[in-house]
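We name chains A, B, ... by the order of the sequence lines, and we start the count at 1 in each one.
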Number of protein chains: 2
Amino acid sequence: MSPDRNGTRRRPPVAGAVTLSDVARAAGVSLATASRAINGSANRAVGGELRERVLATAERLGYSPNAHAQAMARGQTATLGLIVHDIADPYFSAIAAGVTDAADAADLIVTLANTHHDADRELQYVRTLQNQRARAIILVGARQNDGEANLRLRRALDAYQARGGTVAMVSQAILGVNVLRVDNERAGADLARALHDIGYRRFAVLTGPTENLTAHERSRGFLAAAEELGCPVPDERLVPSPLTRDGGHEAMRELLARRTGADLVFAVTDVMALGALTAAREAGVSVPDDLGLAGFDDIDTLQDVTPALSTVRIPLREMGREVTRLALAPAEDGPLEEHVTGQVVLRASTPPRS
Amino acid sequence: MSPDRNGTRRRPPVAGAVTLSDVARAAGVSLATASRAINGSANRAVGGELRERVLATAERLGYSPNAHAQAMARGQTATLGLIVHDIADPYFSAIAAGVTDAADAADLIVTLANTHHDADRELQYVRTLQNQRARAIILVGARQNDGEANLRLRRALDAYQARGGTVAMVSQAILGVNVLRVDNERAGADLARALHDIGYRRFAVLTGPTENLTAHERSRGFLAAAEELGCPVPDERLVPSPLTRDGGHEAMRELLARRTGADLVFAVTDVMALGALTAAREAGVSVPDDLGLAGFDDIDTLQDVTPALSTVRIPLREMGREVTRLALAPAEDGPLEEHVTGQVVLRASTPPRS
DNA sequence: TTGTAAGCGTTATCAA
DNA sequence: TTGATAACGCTTACAA
């Protein structure tokens, strides 16, 4: 049907690599007309009959427009880069779902990158997405408190933005990029106050990784409020750990082993709280009878554990949509900043104490 | 530094769009040499000193190779398409994590698409990925029992493969593509036998959506084995529902309302089982005292609910890695097929009955 | 309304 | 080893 059309071909002629030229020739029109008929954007110029013929020919030949060629010719792409720490973590996957929803609505395709909390990989992905000429990049996940790494990242993002891309992140701001901030500190404080209101006094905190800013903000807010309420939390009731289920599990074991007499444990993420819950059970400590437990995020599975866990709810999926909007907004007048306010949700894991 | 280099430019000159030509000119070498120096694949031909100079110049100018131009010139891309039903579902996000792991190792970037169980969207994504000239496409998730939709999908995949792409899927096979099959039917049967062994007799099944093949296989295997064991499951103990947490919740409510006297409920996915667990609790029915409950998949959170849920374990993350290998394998000698065998894991939700 | 032809930024062929 | 130069497949002025 469409034999080698020019004597010298370098690559093995991929079977059936139908190009727009093929379609044009087969339909007996010029390349330009074919292009316009098939992808005649706002400029609908092609005559009815011709148009039909071209479309039919394209269909018949199984023509598939080459997105790379289009990207080159148009000078822009329909790609959105999404960088998360761990897509298997419900926090990230819920946000990712929101991002794909919004991207879909905007006719963008999403390129997903998993950093595994590795700053170098994150940097590498930014560069890759820059090479792809992605229209926007979304970074989800806490910054580490590592000036060197943050500086490198910022440089890469600056370079990306200088070339016309936009960046939006969820969490802390990096200078010069759009950000959807979660008011972690305030929400942490709100949680402490709510728990104090219902009678808790001897707080403990599973603080997550020491260098993780989100974790730090959450525990700082909580601790500051606790202190203000006259319930300062001694160091022995602070246990760091990785931001994972197993991290929470291990941290709770450690805390219980210390026998600190805490009556309430705050884990800075729900995923950690889940691990902590099981650790308590394994140690024969009853939540909520012996110990209250609260998390942060309100991930989906929280409603199906026993007891249902108290937490601070943040609308993860909606945040994914919102950060996409931020990423697509023309960041003309300086970086945008939006805030998400966490909402304390008390459930069975923290019953009132008398 | 790099002023307009040709009088007529169509697009507003994107600030700092440094091209390879710019680098070559600034370094005083030819385009070809610059290309070789910067991306001189196996063919390391560039002289030491020149090479240094080019690299330094590229660095200084902040050169970022245009991946689309490379894709055009090379005739291939480094993109892997991943199509899932719902990235927020732990089943899919765990597999996706495995896929990104493997893709990373193979230096591929992953394009993620969320179908929301919509066959049309799935088809659309296949086309989009074909337009992107993705090197391979991975489809995760059950087929519907819808001949029309499957046929359309198969046509699109055939076209994609005819042009040199490869396809791999997790779940049922579509004719002509690589597949990682989960032995749902057999595992379902194994589960029924294991439960029968420890004394359960009056089985009920939350079957998921009737048209969903994976759900169907799981329940069919279970039901067939139950019948073989002399415990046929009456229709009133079969409840369909969406494949979600809420679906499981609703189905369990329905089942309990029917007062069928079941002593064991099998939910065809863990996510459904989680919802079912809560529904039972809300109805004042104790799992495991009044009722045994088992799921399928062994998603992460299962270990933190009470009671811990029995299930059939399939290695989700590893499956993600494996299906990526399948997708990247040269499918020269006909489609490949691999099998994953589910392993029954009995936990506290199904204690032995006397 | 349609066609001609000049890019888009690379890689790879061929000759020097 | 290096350099010209022709693709790669498409979009879009500009001309007809």
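When rounded to the nearest whole Å, the span between CZ of A/Arg53 and P of C/dT2 equals 9 Å. A/Ile38 places its CD1 atom 15 Å from the C1' atom of C/dT2, with the value rounded to the nearest Å. Atom CD of A/Glu49 is separated from atom P of C/dT1 by 14 Å (rounded to the nearest Å). Taking atom CG of residue A/Asn39 and atom P of nucleotide D/dG9, one finds them 17 Å apart after rounding to whole Å. Atom CE of B/Met72 and atom P of D/dT11 are 11 Å apart (whole Å). With rounding to whole Å, A/Leu20 atom CG is found 18 Å from D/dA7 atom P. With rounding to whole Å, A/Asp22 atom CG is found 13 Å from D/dC10 atom C1'. For the pair B/Arg36 CZ and C/dT13 P, the interatomic distance rounds to 11 Å; values are reported in whole Å.
Between A/His85 and A/His117, the two ring planes are parallel [angle under 30°; tilted spans 30° to 60°].
A donor atom on one side chain and an acceptor atom on the other are not found under 3.5 Å apart for B/Gln76 and B/Arg133.
Toward the 5′ end of DNA chain D lies the nearest nucleotide of B/Thr33, the other residue of the pair B/Ala69 and B/Thr33 mapping further downstream.
Which of C/dG3, D/dA4, C/dG9 sits closest to the side chain of A/Ala32 comes down to C/dG3. Side chain of B/Ala73, nearest nucleotide from C/dC8, D/dT12, C/dG9: C/dG9.
Using a 4.0 Å cut-off between charged nitrogen and carboxylate oxygen, A/Glu322 and A/Arg317 do not count as a salt-bridge pair. Electrostatic pairing of B/Asp158 and B/Arg155 does not count as a salt bridge here, judged by no charged N lying under 4.0 Å from a carboxylate O.
Contacts of B/Leu31 with the nucleic acid, taken as non-hydrogen atoms under 4.0 Å apart, include base atoms.
No donor-acceptor contact under 3.5 Å links the side chain of A/Arg133 to the base of C/dG9.
Not one side-chain nitrogen or oxygen of A/Gln70 sits closer than 4.0 Å to the OP1 or OP2 atom of D/dC10. A close approach under 4.0 Å does not occur between any side-chain nitrogen or oxygen of A/Ser30 and OP1 or OP2 of C/dT4. Contact between the side-chain N/O atoms of A/Ser21 and the OP1/OP2 oxygens of D/dG9 is not found at any separation under 4.0 Å.
Using a 4.5 Å heavy-atom threshold, the side chains of B/Met169 and B/Ile138 count as separate.
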